[in-house]
Amino acid sequence: MKILQLTWAELADEFKIRYGKGKYHATAVYREVYKNGNLDFSHVDEFSKSQKLAGKIQSDLVLNPGLVIEEQKDKRLVKFITRLADGLEIESVIIPMATHNTLCVSSQVGCRMGCTFCETGRLGLLRNLAVEEIVGQLYTARFFLGSPIKNIVFMGMGEPFDNFDNVIQAIRVMNDPRGLDIAHSHITLSTAGRIDGIRKLGSLNWPRLNLAVSLNAPNDRLRSKIMPLNRAVPMDKLKESLMAYPLKKSGTFFIEYVLIKGLNDSHEHALELADFLKPLPVRLNLIPYNPLSDSQFKAPSDQDVHRFSGWLEQETIFVRKRWSKGRSVMAGCGQLGNKSELKQKFQNYKTHANTN
Ligand code: SAH
Ligand code: SF4
């Protein structure tokens, strides 16, 4: 029984089938595992008269969030690397906030979208993460690293809509009030613009969940150059899918725009971008480009970022500047997956996978 992929209701169903027991014991187990990080049920009240059952459940439960093999810190920011059961590694980042923390989770090992400015994109896709591997990142951050996580952003490695079903089930588990209890309004899904995913998410009717779209360019010509996905799904199609999305009343989309010096940062680009965004209820997150290990692009100066956001604000676009935290440990957006040993492992795995 892989508890990291089950909601409370699913665990209760499983208990019924396996042990002929239902909600009472499932509630206790779910609480102990997810609220208290406790995997020993022998002292739990609900099992005081059923020690045998406690032992049986304990031996049936599988909880395998992977092994943290490395932690890198930059002030209060922590990037951690988890080794999965098959030896592949993923990265997650704990971003400190005033009272609680935000966890940036990975949804895939690598990514097949191939955005040219993104380190993860360079790796290509190795495989999707299982539900338990996505939820495992939160479990690890809370219980092994002791971090009070209240927000989740799917902005680590991978394109969440390329692994739609597992990401959605992971959100169900993370959201379960009897367990990890992360509210939808505290979860952000970020996509490079998979409109099939946007449509499917819309049909779930989760109006409080936040949706972010990585736009990164003001027109198709430029966007197709840096984000290959745009060649299949041009910007007007993306806009249509956002217009059709059942956003909650007075809700907004988040638009991510990675500002790259000399590429997408001119006054004309700002006007074009504002024009594109005007019919949409959006907040724009302006992210200064984080240089990759051997960059073809340049990072903007602080002044470039202020100037670009000023132009957008003049066009009444709401802008937030995201000064990248964690650059020194390569934990900034788009920097995940840069480590050379990691790259080597990917290479080996790919060769291995191809010869099998
Ligand atoms: N695949 C999803 C989520 C992961 S990428 C997506 O693309 O939205 C998370 C964010 O990091 C995206 O907004 C992406 O545009 C940004 N990003 C990628 N490479 C970057 C880099 N080198 N510098 C700054 N931001 C980057
Ligand atoms: Fe994948 Fe997002 Fe990176 Fe593009 S920006 S390659 S979609 S992780």
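Computed from a predicted model, the values in this text were never measured in an experiment. Counting starts at 1 for both ligands and their atoms, in listed order. Below, all heavy atoms of this structure are taken into account, side chains as well, without hydrogens, waters or symmetry copies.
- Looking at Ser190, Ala299, Ser214, Ala212 and measuring to atom 3 (C) of ligand 1, the nearest heavy atom belongs to Ser190.
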Just distance, no hydrogens or angles: give the donor-acceptor pairs under 3.5 Å from side chains in residues 145-152, sequence neighbours left out.
| from | atom 1 | to | atom 2 | distance (Å) |
| --- | --- | --- | --- | --- |
| Ser147 | OG | Asn101 | ND2 | 2.7 |
| Asn151 | OD1 | His186 | ND1 | 2.7 |
| Asn151 | ND2 | Thr102 | OG1 | 3.2 |

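- Within ligand 2, the atoms closer than 4.0 Å to a non-hydrogen atom of Cys111 are 1 (Fe), 6 (S), 7 (S), 8 (S), numbered from 1 in the order shown.
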Exercise for review: Give the intermediate values and the outcome of salt bridge (Lys or Arg N to Asp or Glu O under 4.0 Å) for residues Arg231 and Asp220.
Suggested key: CA-CA 8 Å; Arg231 296 170 205 156; Asp220 280 324; over 6 Å; no
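- Atom 4 (Fe) of ligand 2 has Cys115 among its coordinating residues (N/O/S atom, backbone or side chain, under 2.8 Å).
- Residue contact check for ligand 1: Phe154 places a non-hydrogen atom closer than 4.0 Å to it.
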Practice item. Evaluate the criterion salt bridge (Lys or Arg N to Asp or Glu O under 4.0 Å) for residue pair Arg178 and Asp176; output intermediate values, then yes/no. Key: CA-CA 5 Å; Arg178 287 185 162 90; Asp176 198 314; 5.4 Å; no
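- One hydrophobic cluster, built from ILVMFWY side chains closer than 4.5 Å, holds both Phe297 and Val258.
- Checking only distances, Val258 never comes within under 3.5 Å of ligand 1, N or O to N or O.
- In terms of polar-atom proximity, Glu119 is not counted as a contact of ligand 1, lacking any N or O under 3.5 Å from an N or O of the ligand.
- Heavy-atom distances between Ser107 and ligand 1 stay at or above 4.0 Å for every pair.
- Residue nearest to atom 8 (S) of ligand 2, selected from Gly158, Gly114, Ala192, Gly121: Gly158 (by heavy-atom distance).
- Checked against the 6.0 Å centroid criterion, the rings of Tyr257 and Phe308 qualify as a close aromatic pair.
- Side-chain N or O atoms of Gln51 include one that pairs as donor or acceptor with a backbone N or O of Phe47 at under 3.5 Å.
- There is no path of hydrophobic side-chain contacts, each under 4.5 Å, that joins Phe254 to Val213.
- Taking the six-membered ring for Trp and the full ring otherwise, the centers of Tyr19 and His25 sit at least 6.0 Å from each other.
- Within ligand 1, counting atoms from 1 as listed, the ones closer than 4.0 Å to a heavy atom of Thr191 are 6 (C), 8 (O).
- Below 3.5 Å of separation, one finds an N or O of Gly158 facing an N or O of ligand 1.
- Considering backbone and side-chain N/O of Asn216, one or more are found under 3.5 Å from N/O of ligand 1.
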